[in-house]
Number of protein chains: 2
Amino acid sequence: MEKQTVTIYDVAHKANVSMATVSRVVNGNSNVKPNTRNKVLDVINQLKYHPNAVARGLASKKTTTVGVIIPDVTDMYFASLARGIDDIAAMYKYNIILANSDGKEGKEIHVLNTLLAKQVDGIIFMGNNITDKLRKQFQSTSVPIVLAGSVDIKETEPSINIDYIKAVSEAVNDLVQNGNQKIAFISGPLNQDINSKYRLKGYRYALSKNHITYDQQLVYGIKHSDDLYKVGEKLAQSLIDNHITAAIISDDELAVGVLNGMKAHNVKIPQDFEIITSNDTKLTRMVRPQLSSITQPLYDIGAVAMRLLTKIMDNKKIDDKNILLHYRLVKRDSTK
Amino acid sequence: MEKQTVTIYDVAHKANVSMATVSRVVNGNSNVKPNTRNKVLDVINQLKYHPNAVARGLASKKTTTVGVIIPDVTDMYFASLARGIDDIAAMYKYNIILANSDGKEGKEIHVLNTLLAKQVDGIIFMGNNITDKLRKQFQSTSVPIVLAGSVDIKETEPSINIDYIKAVSEAVNDLVQNGNQKIAFISGPLNQDINSKYRLKGYRYALSKNHITYDQQLVYGIKHSDDLYKVGEKLAQSLIDNHITAAIISDDELAVGVLNGMKAHNVKIPQDFEIITSNDTKLTRMVRPQLSSITQPLYDIGAVAMRLLTKIMDNKKIDDKNILLHYRLVKRDSTK
DNA sequence: TTGAAAGCGCTAACAT
DNA sequence: ATGTTAGCGCTTTCAA
């Protein structure tokens, strides 16, 4: 007793019209007499007809689905962007195919290709580093791609970000104003552009502005790890040994780790050690003391990225292709 | 200069074979002479041919994509399941269309139907409550559905869960053993079966086992809210006013809220107030004191759900359709 | 305003 | 081992 699928043909037949007409009413084409429209609509309801999106996709060359490449859904930062993406996608009647990449180039490329094979109308890419190989892949397809919360130093693809350089620089400057001289820079791997070419640059800029000499020793580029929290926790000892009194940290989980690690060593936050973190995920408000942070409009980064993508997919011309959204510095209790 | 798509026909033509043969090599059919296989493979590489998954889907009636309905990707509990789902999906060469529902019946049904229109081969549903309407929708399609981390009191669909009744009951029993008589039950809305028919049942069972009379006053059914954390924080006052000394809480964010709320009122955890939470997301380890919790194998719930779904999609017969995975009680620092 | 018909790119019998 | 061919269910000219 297999479920017999009802097709556009069945509807056309029963309603005594052509498939073309049924197609027109289904797609809201106005060139249909109200009378016939209603007749067709009736039959559609009777037969419980549901258009087959795959057939439609083949015929029209549009699937109304976009691919979303994400390092890890479980990462609050990217999950927040993803939520913004999906909401706007839904608003524009798109669905998203979500694929985790673990931020590994190999997986990213693999998944990009399967997404393209599935004929997605567009792609939103999130990742910590755009390698040359990846950039080449992006350029070899005509499917529009937008980067969300991810920098491409060459800016070959449209992107939505905040100004990481300025944000970090401001944060570090604040830390200096609070009297800190030995400020750690703690981020993900330094071979990732976002860390070395943006955040670290902001850090160095703020230091030089304040006539503090840059000290390599204070720069912690964390190798990628499953559990950034744990890494942060263990980092505390080294921070203490180096007589560091403050840190700008690029990831909230990492920052929470450092926070707890320091507390475990009886270091008082913020009296003896100040922390500013970078992503302002809800985590920052759940720990004590609450973490001061660069605020990013996470949801909006995703939302704006998706909106931009729809524009490009519709061949509308766009003014800015590399958009920087506003950030702020939120002082909570991990800074003086 | 539009990108000319190369089709199976182009490959067949250039390789001097039929489309069928190309199709065979692409799909790894063994009925091809190594010689011709290589010839075809060569042409595929030269032409950079990539099979069109949409056309394939239409012809074969399989899309190798499954729909995943999730309340909110931003919720650590569901995000963890989603990660398990995607990993196993990828392993079986499936992609997932992820759709947020906010746990609203209307959205759930809507999104279910668009997923079906897209001809997904299967669906994994996550949600806090299976209403009659939803159950009816599930039953009206022949597309296999598996529930992940979501109970259906009628067990009409296959599902992966833990034994919430036993888990909560054990947790509450522990709390009693620690000397607590006034134990709060704090969960999501009580009109959701998972709360009223499972968790609350476990709570009541443990109480009666210990000859403690059930007190309605101690039951907090939190209406759905955007920010459970905040709600938890505010709950503290009421908890104190009611002279409650312990709580079993069904959501980690909520539990963190309660924890911080109590601390803000100078209540010592766990000396004056004990907390056991339920989902064991990484949050539990990031707060201080760390939260004791029912441990759920979150990733595995998703992974097992997806594996089960692949079996059903392959028409393999399955032994258990309502699977309960193991849970444990992890004592951390929010209990004595 | 409506219909006829040619694909969209592929798979899956069925032949050979 | 390989080829032929008829769809899969829809959109989209083009004509009427």
Side-chain angles (χ1 to χ4, degrees), chain A residues 2-41 43-44 47-65 93 114 116-121 143, chain B residues 2-41 43-44 47-65 93 114 116-121 142:
Chain A
E2 253 306 305
K3 185 153 263 164
Q4 187 56 56
T5 67
V6 3
T7 74
I8 199 172
Y9 171 85
D10 301 319
V11 177
H13 186 77
K14 180 149 183 183
N16 274 314
V17 296
S18 70
M19 287 162 56
T21 298
V22 177
S23 176
R24 287 187 189 102
V25 349
V26 167
N27 293 299
N29 184 314
S30 56
N31 283 354
V32 184
K33 243 198 305 192
N35 235 341
T36 49
R37 172 185 305 284
N38 288 328
K39 188 173 57 178
V40 170
L41 251 19
V43 176
I44 286 179
L47 265 39
K48 295 193 203 310
Y49 166 69
H50 293 285
N52 179 324
V54 173
R56 190 185 287 198
L58 183 58
S60 69
K61 298 184 169 289
K62 301 196 130 298
T63 55
T64 62
T65 108
K93 313 282 187 206
T114 92
L116 292 174
K118 295 231 164 154
Q119 312 298 120
V120 293
D121 298 334
V143 173
Chain B
E2 253 306 305
K3 185 153 261 162
Q4 187 57 56
T5 66
V6 4
T7 74
I8 199 173
Y9 172 84
D10 300 320
V11 176
H13 186 74
K14 179 150 186 181
N16 274 313
V17 297
S18 69
M19 286 161 56
T21 297
V22 177
S23 176
R24 285 187 189 101
V25 349
V26 167
N27 293 300
N29 184 316
S30 56
N31 284 353
V32 184
K33 239 199 306 192
N35 236 341
T36 49
R37 173 184 305 284
N38 288 329
K39 188 172 56 177
V40 171
L41 251 20
V43 176
I44 286 179
L47 266 40
K48 296 195 204 307
Y49 166 70
H50 293 284
N52 178 322
V54 173
R56 188 185 288 198
L58 183 58
S60 68
K61 297 182 169 288
K62 300 195 131 301
T63 54
T64 62
T65 108
K93 313 281 185 206
T114 92
L116 291 173
K118 295 232 164 153
Q119 313 299 119
V120 293
D121 297 334
S142 57

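Worth knowing before you read on, the calculation uses all heavy atoms, side chains too, and leaves out hydrogens, waters and symmetry mates. As the structure is a prediction and not an experimental result, all values here were calculated from the model.
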Taking atom P of C:dA12 as reference, at what distance in whole Å does atom CG of B:N29 sit?
10 Å
A:R56 side chain N/O closer than 4.0 Å to the phosphate oxygens (OP1, OP2) of D:dT11?
yes
Heavy-atom side-chain contact between A:H50 and B:L116 under 4.5 Å
no
Minimum-distance nucleotide (side-chain atoms of B:V32 versus D:dC10, D:dT2, C:dC8)
D:dT2
Only one of B:N52, B:T63, B:T64 clears side chain to side chain contact (heavy atoms under 4.5 Å, CB included) with A:K118; which?
B:T64
I want to confirm an ordering. Mapping A:V6 and B:S30 to their closest nucleotides on DNA chain D, which one lands closer to the 5' end?
B:S30
Whether the side chain of A:T36 engages the backbone of A:V32 through a donor-acceptor N/O pair (distance < 3.5 Å, no angle test) should be reported.
no
Using a cut-off of less than 4.0 Å, is there contact between a side-chain N or O of B:N31 and OP1 or OP2 of D:dA1?
yes
Tell me whether the OP1 or OP2 atom of D:dG9 has a side-chain N or O from A:T5 closer than 4.0 Å.
yes
State whether A:N52 places a side-chain N or O below 4.0 Å from either non-bridging phosphate oxygen (OP1 or OP2) of D:dC8.
no
Passing candidate, side chain to side chain contact (heavy atoms under 4.5 Å, CB included) with A:S18, options A:N16, A:V22, A:T21:
A:T21
Write down the distance between CG (A:L58) and C1' (D:dG7), rounded to a whole number of angstrom.
12 Å
What is the nucleic acid contact for A:S23, judged by heavy atoms within less than 4.0 Å: base, sugar-phosphate only, or nothing?
base
Kindly point out which of D:dT12, D:dC10, C:dT1 is positioned nearest to the side chain of A:A20?
D:dT12
Can you check the A:M19 CE to D:dT11 P distance for me, whole Å?
9 Å
N or O in side chain of B:K62 less than 4.0 angstrom from D:dC8 OP1/OP2
no
NA contact type, A:N16, heavy-atom cut-off 4.0 Å: base, sugar-phosphate, or nothing?
sugar-phosphate
Under 4.5 Å between any side-chain heavy atoms of B:K48 and B:V6, yes or no?
no
Under 4.0 Å between any heavy atoms, over every strand shown, what does A:V26 touch: base, sugar-phosphate, or nothing? Just pick one.
nothing
OP1, OP2 of C:dG3 versus side-chain N and O of A:S18: anything below 4.0 Å?
yes
Nearest-angstrom distance from the residue atom CD of A:Q119 to P of D:dC10:
19 Å
For A:R24 and for A:Y9, find the nucleotide of DNA chain D with the closest heavy atom, then tell me which residue's nucleotide is more 5'.
A:Y9
Which nucleotide in the list D:dT11, C:dC10, C:dC8 gets nearest to the side chain of A:K61?
C:dC8
Under 4.0 Å: is that the gap between some side-chain N or O of A:T36 and OP1 or OP2 of C:dT2?
yes
Of the listed C:dC10, D:dT2, D:dC10, the closest approach to the B:Y49 side chain comes from C:dC10
Output the rounded distance in Å from NZ (A:K118) to C1' (C:dC10).
15 Å
CG (A:D10) and CD1 (A:I44) are apart, to the nearest 0.5 Å, by 11.5 Å
Rounded to whole Å, CG of B:N27 lies from C1' of C:dG9 at a distance of 13 Å
Whole angstrom is fine here: how far is it from CG in B:D10 over to P in C:dC10?
9 Å
